[in-house]
Every structure is written in C-alpha cells, then in structure tokens.
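Along the sequence shown, residues are numbered consecutively beginning with 1. Keep in mind the model is a prediction, meaning the values are calculated, not measured.
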Amino acid sequence: MNVNVERDLNNNLTKDYLKAVGTQNTDLANLVRDHMGNGGELTYILENVGRLPASFDADCIIPLLYNKNVNVRYWAVKVIGKLKSEKYLETLYKIANEDESSIVKREAVSSIGRMRLQKTIPYLKQMLSNDDPKIVCQVIRALLVFKGLDDVDNILKQMSNHENEMIRNVIHKEYFVDKSQKTSCCPHQESFPFLRNVIVNGDVIEVLKNVPNESFHLTFTSPPYYNARDYSIYPSYEAYLNFLDIVFKEVYRTTKEGRFLIVNTSPVIIPRISRAHSSKRYPIPFDLHHYLVQMGWEFIDDIVWEKPEYSVKNRIGGFQQHRKPLAYKPNSVTEYLMVYRKKTDKLIDWNIHQYDFTTVENSKVADGYETTNVWKICPKSDKVHSAIFPIDLCKRVIEYYSFKGDLIFDPFAGSGTLGRTAKSMGRRFFLTEKENKYFEYMKTFLGKNHIFDKEPTKFLTVEQFKETII
C-alpha cells in the first residue's frame with residue numbers, strides 16, 4: 001500500500017511526501033536505493049522523513065552510516081536515533097567510536113542516550129575517555145538520565161577534575177552546588193532602597209566595602225585610562241591593573257547572580273619623553289581580561305564601538321608622507337565593550353523568570369536594535385570632563401542588559417551620563433566618583449533635567465552614605 005501524498009508536478013520529492021513516506025518501509029527503502037549515488041538528495045530525504053513507527057526496519061539505512069558524504073552519515077544516524085531501539089545499540093556505539101566526523105560521533109552518542117535504557121550505561125562509560133570534550137559532554141548528558149544510580153554518580157563525580165573546563169563546570173553544577181545556599185537577603189529583581197539613585201563622592205573601593213552582596217543588576221563603566229588623564233595617574237602599569245583587580249572583585253561580590261558587567265576600554269598610548277625614545281602602547285582590555293576571568297567573570301561578548309575617523313587623534317600623518325614600511329600606525333577609531341557575566345550554574349532564563357510578566361513585557365528591546373557587535377556611535381565631548389559616555393552608548397547597554405526597575409552601577413561615574421540615562425529609561429542608579437569637580441558638575445544637571453525630580457537624587461560623601469545604610 002502506497003502513501004496517499006503525491007509528488008509535485010515535476011515528480012520532485014516534496015517535504016509533505018517525505019513526511020508521510022516514513023511510515024512505509026518499502027517506499028523509504030526504494031527511495032534510498034534510487035538515490036544512492038546522490039549525496040545531496042539522500043541528505044534531503046533523510047532530513048525530511050517524518051515520524052517513524054516503532055516497528056520500522058532501519059536495515060535500509062544501515063549502509064548509509066558508511067557513506068562518504070558526512071551529511072548523509074549524520075542524518076542516517078539521526079533517523080536511526082528516532083527509533084530509540086536497543087537493536088541498533090552496537091551499531092551506534094561503533095559509529096560513535098570510529099566515524100571520522102565529530103558531529104556524526106556526537107549524534108551517535110545522542111541517539112544512544114535517547115534510548116534511556118540502563119543497558120546503554122556500560123557503553124556510555126567507555127566513551128567518557130574520548131579525547132573530544134564535545135563528545136564527552138554528550139556522553140555525560142546521556143548518563144545524567146541515570147543520575148541517582150551509585151555506579152553512574154561515582155564515575156561522573158570523578159570527572160570533576162577533568163582537564164576540560166566545560167566538563168568540570170557541568171559536573172560541578174550537577175553534583176557539587178549547594179542549591180539551598182542564599183547569598184543575598186534582597187530578592188533578585190529588587191534593590192536596597194538606600195542604594196537607589198545615589199551618587200557618592202569618594203574612592204570606589206572604600207564605598208563598595210559598605211555595599212551588601214548581590215546589590216547591582218548591571219555595571220557599565222569606563223575605567224580611567226592608565227596615566228592618560230590628570231585624574232588617572234598610577235606609579236606603574238602593574239599598580240594600575242592591581243587597582244582595577246580590587247575594584248572589579250568588589251563589583252563581582254556586589255553583582256547579583258548571573259548578571260552583567262560591561263567594561264569600556266581601549267589600548268592607550270603613553271607619549272615618548274623625547275625623539276630618542278619610543279612611546280608605549282598598553283593593551284588595557286586584553287590585560288584586564290585575564291584578571292576578570294580569574295576572579296570569576298565569564299566572558300560573553302566583545303562589542304566594538306566604532307567612531308568616525310575625524311573624531312580621533314591622527315596617528316597616520318607621518319606615514320602618509322613617507323610610506324616607509326614598519327612605521328605604519330593606523331588611526332584608532334574603535335574601543336571595546338567587553339561583556340562579562342557573573343558566574344552561575346543557572347541559565348539566562350532563570351534570571352528572566354525572576355521578574356513578573358509585566359516587567360518583562362515592558363522591558364522588551366524595541367525594534368531597530370543593533371544586530372552586530374560593531375556599534376557605530378559618535379563620541380561625546382564635554383567642556384568639563386574629557387572622556388564621557390555618549391548617551392546613545394548608555395541607552396543600548398541599559399536596554400540590552402537590564403530590566404525596568406533594575407539598579408545600574410558605574411564605579412567611575414565621571415559626569416554621570418549613565419545615571420541620567422538609566423533614570424530616563426525607568427531604571428535606578430548608583431554612582432561613585434572620586435574627583436570632587438566631577439561630583440559637583442553632576443549636581444548642575446539637577447536644574448536642567450527634570451528626570452531627577454520624580455525621585456530625588458542623593459549626593460553624598462562617603463560618611464553620609466554610611467549613615468544611610470540600613
């Protein structure tokens with residue numbers, strides 16, 4: 001009996017036809033036989049074959065497991081995996097160990113896992129020693145179906161010292177996380193009232209020592225550039241990095257679980273002292289990255305902030321005159337926004353689910369959002385502060401990485417652009433700024449910007465801030 005779905009007018013195989021043909025052993029076997037010499041058509045057939053009955057005889061698919069086309073092999077494994085039958089356990093185990101393609105091997109392991117039979121455990125255990133971490137992760141996923149069985153738990157716990165960090169993280173999450181432990185008395189979606197819309201004039205390290213664990217939903221900042229401004233003089237580059245290390249360790253402690261830190265930095269040039277000496281270029285974002293991941297931040301993305309060439313210092317002028325090799329120095333039109341997430345065993349969905357439906361809906365990113373990691377935004381100049389955030393840059397970061405009502409932190413506030421922008425977007429802010437002239441400058445915005453009038457901004461010294469802590 002043939003299926004009732006017709007091919008199209010040109011006798012081509014339609015997806016509807018293939019979806020139905022899977023119920024007929026003979027029809028599928030004939031299709032495979034008729035297209036044996038065409039890898040593309042075989043792939044199309046296997047990819048679009050519909051649900052298979054438990055009684056389906058996959059003998060017609062077995063030869064395709066050894067086809068020279070990797071896509072054919074992959075989809076052949078996937079079709080056999082649909083059956084979840086132990087009849088093909090030995091065959092799939094062989095493919096998982098012998099196929100030359102990692103993706104085919106992983107799919108074979110996945111197909112074994114779908115059987116959910118204790119009979120598969122010895123086979124899976126043997127594959128834990130595979131050299132490919134991706135395959136081992138797939139094996140672990142299959143074995144976790146049997147979590148609670150002593151022999152499975154014991155062997156998986158031994159993987160906690162595995163060389164690969166992804167494997168270690170999976171085992172740690174499954175077996176060694178105290179899920180009952182709470183690190184903050186403040187619910188995830190909320191913030192402490194004494195931190196809301198506050199600007200503190202003082203050293204950020206001293207201020208943060210008084211901030212409770214897990215207070216901030218998002219930190220966005222541009223650290224002072226090493227010895228490039230009067231307010232950012234350090235005795236050495238090492239001292240500069242050590243200072244940032246202390247700051248971002250405190251930011252880590254005070255950031256809520258699974259939430260984000262975004263650091264805006266770029267390499268900086270220290271001018272030469274004379275023509276007899278060279279200038280020095282310091283790769284701040286690349287050196288700082290090591291410190292951040294060591295303290296627990298997980299790297300998520302690198303966003304490139306691209307500026308118009310006319311807005312940056314001209315470094316290419318000398319080269320343009322003589323064009324001599326080795327002297328090429330391009331104009332630096334980019335800075336980095338390095339995106340990190342506080343380490344957690346929970347997925348992003350967990351963070352989202354901490355909010356009520358209305359908050360999530362009201363916080364959704366509007367149409368016209370940036371789809372690439374290159375953001376073309378003009379820099380902002382200011383008569384008082386020489387390096388301030390453009391409002392458009394703040395808006396994107398706030399919209400993409402926080403919910404309405406969240407508490408946004410900038411440890412190096414400067415002129416306070418982040419705070420004003422956060423408030424205008426329905427968030428709250430906490431800012432610290434060491435330089436008194438910038439602290440006083442932020443106060444001048446009170447009379448010009450009615451945003452602050454809806455919920456008063458508090459300008460405090462460190463001592464005054466300490467007195468507000470509940």
Taking the basic N atoms (NZ, or NE/NH1/NH2) and the acidic carboxylate oxygens, is any pair closer than 4.0 Å for [X] and [Y]?
X: Glu399; Y: Arg396; answer: no
X: Lys256; Y: Glu190; answer: no
X: Glu440; Y: Lys437; answer: no
X: Lys125; Y: Asp151; answer: yes
X: Arg259; Y: Asp406; answer: yes
X: Glu257; Y: Lys346; answer: yes
X: Asp99; Y: Arg73; answer: yes
X: Lys249; Y: Asp245; answer: yes
X: Glu335; Y: Lys307; answer: yes

Practice item. Establish, from distance only, whether the side-chain atoms of Asn362 and Thr359 form a donor-acceptor pair under 3.5 Å. Key: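 Short answer, no.
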
Check: So, Arg428 and Ser191: side-chain donor and acceptor under 3.5 Å apart, yes or no?
Finding: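 Side chains of Arg428 and Ser191: no pair found under 3.5 Å.
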
Ring centres under 6.0 Å, that's the criterion: do [X] and [Y] meet it?
X: Trp375; Y: Tyr400; value: yes
X: Phe192; Y: Phe430; value: no
X: Phe409; Y: Phe220; value: no
X: Phe260; Y: His217; value: no

Heavy-atom pair of closest approach, residues [X] and [Y]:
X: Thr432; Y: Val204; value: OG1-CG2, 3.5 Å
X: Ile199; Y: Phe429; value: CG1-CE1, 3.8 Å
X: Ala239; Y: Ser236; value: N-OG, 3.0 Å
X: Pro411; Y: Val247; value: CB-CG1, 4.5 Å

So, does [X] use its side chain to make a donor-acceptor pair with the main chain of [Y] at under 3.5 Å?
X: Asn331; Y: Arg315; answer: yes
X: Asn201; Y: Lys434; answer: yes
X: His353; Y: Asp349; answer: yes

Using the test side-chain hydrogen bond (donor to acceptor under 3.5 Å, both in side chains), find all partners of Ser266 that sit at least two apart in sequence or belong to another chain.
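Expected list: none.
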
Min side-chain heavy-atom separation [X]-[Y] under 4.5 Å:
X: Val152; Y: Val145; value: no
X: Thr255; Y: Leu261; value: no
X: Tyr226; Y: Ile284; value: yes
X: Val263; Y: Tyr336; value: no

Taking the six-membered ring of Tyr175 as reference, does the NZ or CZ atom of Lys147 fall below 6.0 Å from its centre and within a 45° cone about the axis?
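Yes, a cation-pi geometry holds between Lys147 and Tyr175.
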
